[in-house]
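Okay, structure first, notes after.
First the proteins, then the strands, lettered A, B, ... as listed; each starts at 1. Please read these numbers as outputs of a predicted model, since none were measured by experiment.
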Amino acid sequence: MLKLLSSSSACLYAGRTCTRLCSSTSTSTTPTSPPFNLPLISELIEKQHWSEFKTHLKDSSFVTVARQLFDAGADSMIILRYFTWSQKDPKFTHPLELTCRLLHSLANVKEYPDIRAFLDRFVRSHENHSVSSIFHLLATGGSQFCANCVIVDMLVLAYVKNMRTRLGFEAFQRAGDYGFKLSKLACNPLLSGLVKENEIGCVEYVYKEIIRRRIEADLFTFNIVINGLCKVGKLNKARDITNDMKARGIPPNVVTYNSLIDGYCKMGGLGKMHKADAILKEMVAYNICPNEITFNILIDGFCKDENVASALKVFEEMKQGLKPNVVTYNSLINGLCCNGKLDEACGLRDEMLRFGLKPNIVTYNALINGFCKKKRMKEARELFDDIRNQGMAPNVITYNMLIDAYCKDERMEEAYALFHSMSERGVSPNTSTFNCQISGFCRQGNVGTARKFLDEMESRGLKADPITYNILIDGLCKGGKSRKAERLLNEMFKKGLSPSHVTYNTLMDGYCREGNMKAALNVRVQMEKEGKRANIVTFNVLIKGYCMKGKLEVANKLLNEMLEKGLIPNRTTYEVVKEEMMDKGFLPDIDGHLYNISRS
DNA sequence: ATAGGGTTAG
């Protein structure tokens, strides 16, 4: 078998010319082939008598035999069996032309489950045929148009199911070029895969094409698209699609509304919970009943909005008709912990135990985080030990929180001991784990050791992220080495990392502190060249820098520029301005803003 | 086949 394969591609092209030129009765392609006895060969394949099969065809390549089978009009199931058998050799590659021929022959006799299984293996195999070549051979293979539509539909599905979403998307596009009509059976999973991979641009494209190509869309189609748009904050578009579906006679359901509510909750900004609440009212008005998940989304939204009081109100409302679950409690416990209300958080933990709900690792992490932030390390550690007693295992987040807390408490050895023990327990450190420790060393002014951690992390195959660099840049700046810090920007670019606002602001702050306003302004220019507009922190840093140099006129000019750009001064701005400018007789034009700030 | 929770930098 194997030694014959090397010549298979030559055979393929010779064969193609041959089948085109000769009449269809031609069954023998090479003069050396033994006479082809279809009934006998078919029987041997069907009964899987492979050794006997080989003795009959010992000199023929796979391509030759396959072509003989096709040309002799063998049963498609027999040919499929032959293909499957030849796949036992993992290095074997079927010529794509024959694969397409097999697909056609299976489609013509409507053996759909077999096509599905075959394509599943096909996309998983190492044979990386390009989507365009597959389409080309399918379209020129002279099969019925409908057969091709089915095959392509199943091909898209096979790609998506096997995590080759990009290829699935490409096949979707090609299907449009060739005019092959797809079904929602392929399109819905494709959309779902694209959402999971955050390819929302592609999701929007596929949705538009589904409408344009008149592919039947169902409730799932719309919900997947709406969910994808909500996840990236494109709420207006999501609402438009909600209207589209209504117009097409598919009313939104609870899932649709949950996605929208979640979108508004995560959007951030002022009044977001008000908008989320408005959607809730709308859904109730349409007689769609909120479920546990609706409430979980709202509760989490209020918690993240630092409004635990409202979250608790919604929680009470939920208990009237629905049963809170672990996620509900986790959101509340986390909300309470982030606001330092540890007793109440523990109370809720006890309540969930009374209701027969078992705290999971997320519950523990929320509580541990709460204690860590209050520097109550002893209790945090007790909770950490309790995880194992409860038959669970701490995960990388648990470790990261504790390591970070020990570092912030300047207990670097304890942090390092945990760092060591996590590997022993089979939890691999990630970039954050290193960032916490790098940050710890920088805080102690030990940038050298911090830098060594970065190298150590990369030697373990973990990539530094922009945060790693922000930490190091901040460390160098605080040590009065802003020039050296600026060199790290180039290192970032070399690694394909793009500096964020934080990176530039940190560096500017460094130069400002050194009194080097010229260098600080240069950084701003560079930042804006990179398409990042100055934000509140940028202005705060620069204003403070000029104030410290006594250049209050320039500081005042910057303050006005900030207001003109619609940036609302925050507490830091207020403090800088108050201490440095107002006390020295400057009356910056931020009266109204000042009122808001002093109240907040 | 669609929905929910926890860590790091200014």
Report the nucleotide, chosen from B/dT7, B/dT2, B/dA9, that has the shortest atom-to-atom distance to any side-chain atom of A/I467.
B/dA9
Inspect the surroundings of NZ in A/K374 and state if more than 12 heavy atoms from other residues, nucleotides or ligands are less than 6.0 Å away.
no
Does the plane of the ring in A/F419 sit parallel, tilted or perpendicular to the ring in A/F453? Use 30° and 60° as the thresholds.
tilted
Exactly one of A/L194, A/L191, A/T165 should register a side-chain contact (heavy atoms from CB on, under 4.5 Å) with A/E199. Which one does?
A/L194
Ring centres under 6.0 Å, that's the criterion: do A/F295 and A/F315 meet it?
no
Touch check for A/I368, heavy atoms < 4.0 angstrom, all strands: base, sugar-phosphate only, or nothing?
nothing
Classify the nucleic acid contact of A/N435 as base, sugar-phosphate or nothing, counting any heavy atom under 4.0 Å across all strands shown.
base
Between the base of B/dG6 and the side chain of A/N395, is there any donor-acceptor pair under 3.5 Å?
yes
Could you please name the option among B/dA3, B/dA1, B/dG4 that lies closest to any side-chain atom of A/N188?
B/dA1
Which part of the nucleic acid does A/K304 contact within heavy-atom distance under 4.0 Å: base, sugar-phosphate only, or nothing?
sugar-phosphate
Closest listed nucleotide, where the reference is the side chain of A/D404 and the choices are B/dG10, B/dT8, B/dT7
B/dT8
What's the closest nucleotide to the A/D474 side chain, out of B/dG10, B/dG4, B/dG6?
B/dG10
Testing B/dG10, B/dA9, B/dG4 for proximity to the side chain of A/T506, the answer is B/dG10
Atom-to-atom span, CE of A/M283 to P of B/dA3 - whole angstrom
16 Å
Between A/F169 and A/Y159, does the ring centre distance come in under 6.0 Å?
no
In whole Å, what is the span from the CG atom of A/N535 to the P atom of B/dG10?
14 Å
Please confirm whether the shortest side-chain N or O distance from A/N365 to OP1 or OP2 of B/dT7 is below 4.0 Å.
no
Which nucleotide in the set B/dG4, B/dG6, B/dT7 lies at the smallest distance from any side-chain heavy atom of A/I361?
B/dG6
Counting side-chain heavy atoms from CB outward, which of B/dA9, B/dG10, B/dA3 is closest to A/V537?
B/dG10
How would you label the contact of A/K408 with the nucleic acid (heavy atoms, under 4.0 Å): base, sugar-phosphate, or nothing?
sugar-phosphate
Expressed in angstrom and rounded to an integer, what is the separation of A/I403 atom CD1 from B/dT8 atom C1'?
11 Å
Would you mind telling me which of B/dG6, B/dA9, B/dG4 lies closest to the side-chain atoms of A/N334?
B/dG6
Rounded to the nearest angstrom, tell me the gap between atom CE in A/M527 and atom C1' in B/dG10.
11 Å
Checking A/Y364, A/Y399, A/Y406 against A/F384 for ring pair (Phe, Tyr, Trp, His ring centres under 6.0 Å), the one that qualifies is A/Y399
Interatomic distance where NZ belongs to A/K266 and C1' belongs to B/dG6 [whole Å]:
13 Å
Partner of A/N430 under side-chain contact (heavy atoms from CB on, under 4.5 Å), picked from A/D465, A/N400, A/N435, is A/N400
Counting heavy atoms from C-beta on, name the nucleotide in B/dA9, B/dG6, B/dA3 closest to the side chain of A/V255.
B/dA3
For A/D465 and B/dA9, give me the distance from atom CG to atom C1', rounded to whole Å.
9 Å
Whole-Å distance separating the CZ atom of A/F302 from the P atom of B/dG4
18 Å
Give the nucleotide from the list B/dT8, B/dG6, B/dG4 with an atom nearest to the side chain of A/K373.
B/dT8
Could you tell me whether A/K463 atom NZ has more than 12 heavy atoms of other residues or ligands within 6.0 Å of it?
no
Under a plain distance cut-off of 3.5 Å, with no hydrogens placed, do A/Q437 and A/Y416 share a side-chain donor-acceptor pair?
no
DNA chain B contacts made by residues 218-225 of chain A, counting heavy atoms under 4.0 Å
A/D218, A/F220, A/N223, A/I224
Could you tell me whether A/N540 contacts a base, only the sugar-phosphate backbone, or nothing, with contacts defined as non-hydrogen atoms closer than 4.0 Å?
nothing
Starting at atom CE of A/M422, determine the distance to atom P of B/dT7, rounded to an integer number of angstrom.
16 Å
